[in-house]
Amino acid sequence: MTELHSEAENIENLAQTIMAAFKARNIQAGEVLQYQELYPYLQERYPKYKDVQKEAEHHLAKLAWVTPAPEGLMLTQVGESSLADTNE
């Protein structure tokens, strides 16, 4: 794995990994990806996720791709459209 040198790159890469988790779990707009499902996915694919997790979640919320929920992250319609665009 390539070593990343900037926190901004780590945040962006983790944000992309979180979005990949939505896609892998087939989460639709308005549905919540539970942290209990998300954390094992992140641990496997991005072991240092805890370093920038809050920043990555905030970044995705600013993009309007997710909305924080007590039990996880809810995918928005904008986020779902973004995932659909990556399929093309």
Legend entry - Contacts of type salt bridge (charged side-chain N to carboxylate O under 4.0 Å, His left out), residue Glu31, not counting sequence neighbours: none
For residues 55-62, which side-chain donor-acceptor pairs fall under 3.5 Å, sequence neighbours excluded?
{"from": "Glu57", "atom 1": "OE1", "to": "Tyr35", "atom 2": "OH", "distance (Å)": "3.1"}
{"from": "Glu57", "atom 1": "OE2", "to": "Tyr35", "atom 2": "OH", "distance (Å)": "3.4"}
{"from": "Glu57", "atom 1": "OE2", "to": "Gln53", "atom 2": "NE2", "distance (Å)": "2.8"}
{"from": "His59", "atom 1": "NE2", "to": "Glu12", "atom 2": "OE1", "distance (Å)": "3.0"}

Inset, instruction - Can you measure from CD (Glu80) to NZ (Lys23) and round to the nearest 0.5 angstrom? - result: 11.5 Å
Legend entry - Linked, directly or transitively: Val52 and Tyr39 (ILVMFWY side chains, under 4.5 Å): yes
Legend entry - Heavy-atom side-chain contact between Phe22 and Leu83 under 4.5 Å: yes
Legend entry - From CG (Asn13) to NZ (Lys48), nearest 0.5 Å: 13.5 Å
Inset, instruction - Please name all residues satisfying ring-ring contact (aromatic ring centres under 6.0 Å, His included) with Tyr41, sequence neighbours left out, ordered by chain then number. - result: none
Inset, instruction - Please determine, by modelled atom types, if Asn10 and Tyr46 share a side-chain donor-acceptor pair under 3.5 angstrom. - result: yes
Legend entry - From Leu33 atom CG to Asn26 atom CG, the distance as rounded to the nearest 0.5 Å: 11.5 Å
Inset, instruction - With sequence neighbours left out, write down each residue that passes side chain to side chain donor-acceptor pair (under 3.5 Å) with Glu44, or none if nothing qualifies. - result: none
Counting only pairs under 3.5 Å, give me each side-chain donor-acceptor contact of residues 64-79, with atom names and distances, residues two or more places apart or in other chains.
{"from": "Thr76", "atom 1": "OG1", "to": "Ala64", "atom 2": "O", "distance (Å)": "2.4"}
{"from": "Thr76", "atom 1": "OG1", "to": "Trp65", "atom 2": "O", "distance (Å)": "3.1"}
{"from": "Thr76", "atom 1": "OG1", "to": "Val78", "atom 2": "N", "distance (Å)": "3.4"}
{"from": "Thr76", "atom 1": "OG1", "to": "Gly79", "atom 2": "N", "distance (Å)": "3.0"}

Inset, instruction - Calculate, to the nearest 0.5 Å, the distance between atoms CG and CD belonging to Leu42 and Glu37 respectively. - result: 11.5 Å
Legend entry - ILVMFWY network linking Leu63 to Val32, side-chain heavy atoms under 4.5 angstrom: no
